[in-house]
Amino acid sequence: MKVRNRILIAVAAVVLVAIYYYVTIPAINIHSSETWFYVIFIVLIIGIIYVVRSRIQISLSEIRTNNVLKVFLGVIAAIAVVFIVGSVLSSPIVNAMRYQQLMPVEEGEFSEEVEELSFDKVPLLDKDTAVLLGDRKMGNMVDMVSQFEADDIYSQINYQGNPVRVTPLKYGNLIKWFTNMREGIPAYITINMATQTTEVVKLSEGMKYGTCEHFNRNIYRHLRFAHPTYIYGELSFEIDEDGTPYWIAPVKKFNIGLFGGETVGKVVLCNAVTGKCETYNIEDVPEWVDRAYSSDLLVDLFNYYGMYKHGFLNTLLSQRDCLQTTDGYNYLALDDDVWMYTGVTSVNGDQSNVGFVLSNERTMETRYYTVAGATESSAMSSAEGQVQNLKYVATFPLLLNISGEPTYFICLKDDAGLVKKYALVNVQKYQIVAIGDTVDECQENYQTLMVTNGVKTEEEAEGEALSVSGKITKIAQVVLDGSSHYYLMVEDSDMIFDVSVAEFLDVIRCEEGTEVSMEYREDENSAYVTALTIEGEKAEKTENTETKQEEEDDEEAVSTSELDDALTE
């Protein structure tokens with residue numbers, strides 16, 4: 001009976017330890033704090049079994065005389081000492097300079113290195129609005145809405161050259177998981193953050209691995225069993241250029257002591273449909289992957305760079321040259337990658353930025369630009385102040401290059417979370433605030449304000465004039481806001497040229513085959529023509545009717561005044 005009882009107790013202990021592992025799925029790695037807690041749990045289980053079987057009454061005298069209890073408590077104490085000492089020796093207190101050098105930072109010139117983006121490549125929405133659009137789209141999917149709902153992941157990626165947020169569907173509840181688990185998750189949602197186009201992409205075979213799955217198909221448990229020693233960072237959901245869904249799992253690398261200096265050493269790509277995992281070193285990650293480093297990790301790494309230039313004590317005492325990021329970040333699609341943007345300010349808590357940071361979420365490449373100006377919160381307040389009667393709320397700004405000027409782009413949302421207006425706020429002169437119902441209107445108002453405030457000349461604000469010549473291959477007439485325009489395409493060019501009839505009346509003489517020369521400036525969706533020559537004859541700009549009428553009224557007023565003076569004499 002004693003042998004049988006011992007076997008049963010041993011089996012029960014093993015089962016309990018196994019259940020703990022299956023539920024908590026700790027990494028078996030000395031750099032993981034979860035591993036140390038798991039070891040403590042095992043030691044406690046063994047100790048409890050010994051105390052219960054031996055019927056020991058726990059007391060100070062018993063601990064002093066019982067050698068087994070001494071060993072048991074000694075093991076617990078040793079683990080605690082290793083954990084505490086390891087944490088201290090891994091901290092910035094004794095490794096400040098090593099933390100400061102974790103992230104290589106290049107300093108650059110903003111206006112030269114950050115190119116002007118067309119607004120069809122700029123994410124106009126934030127995550128909250130994307131969630132609303134995703135939920136609204138799901139509400140229209142009659143065949144799915146009863147069983148599935150949109151997950152709240154909404155990863156920001158650059159898909160086929162466009163800023164996109166993507167999220168998988170998830171089961172509505174546990175019962176719906178039981179009834180649908182065989183086929184898996186049938187689709188994911190993509191939202192173009194520039195055009196607001198929302199699409200539910202149905203898969204030929206359902207996704208069998210995700211955060212909403214249970215047991216071995218849960219993505220965290222699946223990854224743990226595939227690589228028991230890997231310490232995973234924050235997972236993200238992405239799609240490759242063919243639309244195949246993947247889970248992107250960064251593997252943490254600790255560069256300082258047991259627990260310090262976290263970066264990313266490897267990345268595991270898990271196919272959400274088949275569960276197949278591929279591991280890449282961080283420098284070999286495929287280019288379609290947009291997020292290996294989480295935004296929070298990049299912020300922490302830059303804060304180390306900005307805070308520990310002169311050691312740890314300097315951050316507590318004089319705080320000389322100490323910089324930190326502002327509260328919040330946003331994303332830009334540059335060079336077919338997703339870059340995290342955030343402002344940089346001094347530690348004294350003033351309301352001004354000293355610069356900005358752009359950090360690549362795939363490679364950790366980081367660029368710092370020294371541009372003094374308003375903080376994001378100040379810019380948000382300035383934008384909200386322009387529409388305070390409407391009580392719109394500003395989203396976190398996005399930093400753009402507008403005509404060579406660092407500019408905050410802000411969306412203004414109503415109580416329902418829908419974008420109603422757009423704002424552009426000059427970073428260095430944040431009293432220059434332009435508001436518009438559309439992005440084009442907002443940009444036009446901003447350029448006008450920059451000219452009237454002396455920030456730019458009219459030519460600088462409008463941008464560099466380009467030229468093109470050739471025969472017209474296509475021509476179409478449209479009416480925009482009550483004004484007639486001709487859209488032209490010329491040979492050897494894929495661009496669409498916008499010619500206003502109000503400015504160039506002679507354009508009505510054009511037809512396919514007509515030889516033209518044009519000067520133009522690139523607009524968001526087309527090229528706006530500023531000078532037109534038709535078969536060697538320059539078309540004169542038509543004078544604005546309202547301006548002409550005002551001049552005639554002024555001349556008439558002057559003539560009347562002169563006549564009155566003559567009659568008086």
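Counting begins at 1 with the first residue of the sequence.
When atom types are taken as modelled, the side chain of Thr24 and the backbone of Tyr20 share a donor-acceptor pair closer than 3.5 angstrom. Within the 3.5 Å criterion, the main-chain N or O of Tyr246 finds no donor-acceptor partner in the side chain of Asn271. Without hydrogens or angle criteria, Ser32 side chain to Ile231 main chain gives no donor-acceptor distance under 3.5 Å. Proximity of a side-chain donor or acceptor of Thr342 to a complementary backbone N or O of Tyr329 within less than 3.5 Å is not detected. With Thr167 contributing its side chain and Asp151 its backbone, the two residues share a donor-acceptor pair below 3.5 Å. Checked by atom type and distance alone, the side chain of Glu376 pairs as donor or acceptor with a backbone atom of Gly343 at under 3.5 Å. The backbone N or O of Ala374 lies less than 3.5 Å from a partner atom in the side chain of Tyr408, making a donor-acceptor pair. Between the side chain of Asn401 and the main chain of Glu115, no donor-acceptor pair closer than 3.5 Å is present. Side chain of Lys176 to main chain of Ser146: a donor-acceptor pair is present (N/O by atom type, distance under 3.5 Å, no hydrogens or angles). Judged by distance alone, the side chain of Asn330 and the main-chain N or O of Phe396 form a donor-acceptor pair under 3.5 Å.
Applying the ring-ring contact (aromatic ring centres under 6.0 Å, His included) rule to Phe237 yields the partners Trp247; only residues at least two apart in sequence or on another chain are considered. Legend: residues meeting salt bridge (Lys or Arg N to Asp or Glu O under 4.0 Å) with Lys137, ordered by chain and number and at least two apart, are absent. Not a single ring-ring contact (aromatic ring centres under 6.0 Å, His included) links Tyr293 to another residue, sequence neighbours left out. Residues satisfying the side chain to side chain donor-acceptor pair (under 3.5 Å) test with Glu113, not counting sequence neighbours, are Tyr369. Lys266 is linked by a salt bridge (Lys or Arg N to Asp or Glu O under 4.0 Å) to nothing, counting only residues two or more places apart in sequence or in another chain.
At least one side-chain heavy atom of His227 sits under 4.5 Å from a side-chain heavy atom of Tyr232.
Salt bridge annotation for Arg291-Glu238: absent, with no cationic side-chain nitrogen under 4.0 angstrom from a carboxylate oxygen. The pair Asp126-Arg165 does not meet the salt-bridge criterion, since no charged nitrogen lies less than 4.0 angstrom from a carboxylate oxygen. A salt bridge does not link Asp290 with Arg362: every distance from a Lys NZ or Arg NE/NH1/NH2 to an Asp or Glu carboxylate oxygen is 4.0 Å or more.
Side-chain contact annotation: Ser90 with Asn95, donor-acceptor N/O pair under 3.5 Å absent. At a cut-off of 3.5 Å, with distance as the only test, no side-chain donor of Glu213 or Asn218 sits close to an acceptor on the other residue. Side chains of Ser295 and Tyr331: a donor-acceptor N/O pair is present below 3.5 angstrom, by distance only. Counting only N and O atoms by type, the side chains of Asn303 and Thr325 include a donor and acceptor under 3.5 Å apart. For the residue pair Ser378 / Thr375, a side-chain donor-acceptor distance below 3.5 Å is found, with atom types taken as modelled. For the 3.5 Å distance criterion, the side chains of Tyr446 and Asn426 qualify, holding a donor opposite an acceptor.
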Discussion item. Please evaluate residues Asp143 and Lys202 with respect to the criterion salt bridge (charged side-chain N to carboxylate O under 4.0 Å, His left out), reporting the C-alpha separation (whole Å), side-chain torsions for both, the decisive distance (0.1 Å), and the verdict.
Written reply: CA-CA 12 Å; Asp143 57 332; Lys202 296 183 179 180; 3.0 Å; yes
Practice prompt. Could you check Arg367 against Glu365 for salt bridge (charged side-chain N to carboxylate O under 4.0 Å, His left out), going step by step and ending with a plain yes or no?
Written response: CA-CA 7 Å; Arg367 304 170 187 170; Glu365 178 185 353; 3.1 Å; yes
Practice prompt. Decide side chain to side chain contact (heavy atoms under 4.5 Å, CB included) for Thr263 and Asn255; before the verdict, give the C-alpha distance in whole Å, the side-chain angles of both, and the deciding distance to 0.1 Å.
Written response: CA-CA 7 Å; Thr263 56; Asn255 300 277; 2.9 Å; yes
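Sorted by first and then second residue, the ring pair (Phe, Tyr, Trp, His ring centres under 6.0 Å) pairs with a member in residues 182-221 read Trp177-His214, Tyr209-His222; sequence neighbours excluded.
Between Leu298 atom CG and Met103 atom CE the span is 5.0 Å, to the nearest 0.5 Å.
Under the 6.0 Å cut-off for aromatic ring centres, Phe148 and Tyr171 qualify, their centroids lying closer than that. You'll find the ring centres of Tyr38 and Tyr21 inside the 6.0 Å limit.
When all heavy atoms of Ile410 and Ala379 are compared, the pair lying nearest together is CD1-O, 3.7 Å.
More than 12 heavy atoms of other residues, nucleotides or ligands shown are found within 6.0 angstrom of CG on Asp414.
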